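A short worksheet on the structure shown next.
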Amino acid sequence: MGVEGCTKCIKYLLFFFNFVFWLAGGIILGVALWLRHDTKTSKLLDIKFEEAQAPSTFYISVYILIAVGAVMMVVGFLGCYGAIQESQCLLGTFFACLVILFACEVAAGIWGYMHKDTVTKEMINFYDSIYDKAVSDTVTTDKREAATSVLRGFHETLDCCGKGLITSVLTSLIDMSGHTSICPKTITLTNCHTRIEELFTDKIYLIGIAALAVAVIIIFEMIFSMVLCCGIRNSPVY
């Protein structure tokens, strides 16, 4: 015989929320792995030019999300088992894990908010440096050809050309004249700054939504686990 009345309802509510928590952890882990291995993102972030690697700030957020998803699955299972067994020890451990996880969520959220524009700016600067060398007459032919090859990878991946509207049109016209082959084979006037912003902004918002959903679930989990733990302690059966 275990807890009765309202405490029993809390017990099953906690089990339900823990099951949702466990599922959410699996979904977040899956989304994070998709973000890590997304074709467009991977191609851009794996680009190297003159020993310089594309900025990897975006991957830091993704790795945090992978860790959070894995920990959520473990903690969710612990909470489900603790609720069914009505174990104060397991519920206490579960509550402590939630507090740590919530603190990490808050810290990651603050870091993400402070660096939300950093990923896009770093990638745009990296692209601009390659573009400038590809069209410059002051660098050696070998360096210009290497820069052109890397730039073509950018353009084909994002289906764009140039830093802005003017450079996009000019580069496309020069390509059409046969002097260069930088732009994609299909004619496009979309500049790469816009494409880069769209690509990373959408994914950063996705990470933010996932983190917010986790934080809300954690708050409910903390409340229910504490109420159930107190109910078990005050129950005459124990």
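In this text, all values refer to a predicted model and were calculated from it rather than measured experimentally.
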Cys192/Cys160 sulfur atoms closer than 2.5 Å:
yes
Heavy-atom pair with the smallest gap, counting every atom of Ala70 and Leu29:
N-CD1, 4.3 Å
Which pair of heavy atoms, one from Cys80 and one from Asn18, lies closest together, and at what distance?
SG-CB, 3.3 Å
Within a radius of less than 6.0 Å around NZ of Lys163, do more than 12 heavy atoms belonging to other residues, nucleotides or ligands occur?
yes
Smallest heavy-atom separation, Phe154 atom then Ile130 atom, equals CE1-CD1, 4.0 Å
With the side chain counted from C-beta on, respond yes when Phe102 and Glu221 share a heavy-atom pair under 4.5 Å apart, and no when they do not.
no
For the student: nearest non-hydrogen atoms of Ile66 and Ala32, plus distance:
CG1-CB, 3.4 Å
Main-chain N/O of Ala147 paired to Tyr131 side chain as donor or acceptor, under 3.5 Å
no
Between the side chain of Ser149 and the main-chain N/O of Ala146, is any donor-acceptor distance below 3.5 Å?
no
Which heavy-atom pair separates Trp22 from Phe77 by the least distance, and what is that distance?
CD1-N, 4.2 Å
Are more than 12 heavy atoms, taken from residues, nucleotides or ligands other than Tyr63, located less than 6.0 Å from that residue's OH atom?
yes
Please examine the side chains of Phe16 and Phe224, heavy atoms only from C-beta on, and report whether any two atoms are closer than 4.5 Å.
no
Any side-chain heavy-atom pair from Phe21 and Ile218 closer than 4.5 angstrom?
yes
Check Ala24 against Met72 and note the closest heavy-atom contact, atom names and distance.
CB-CE, 3.8 Å
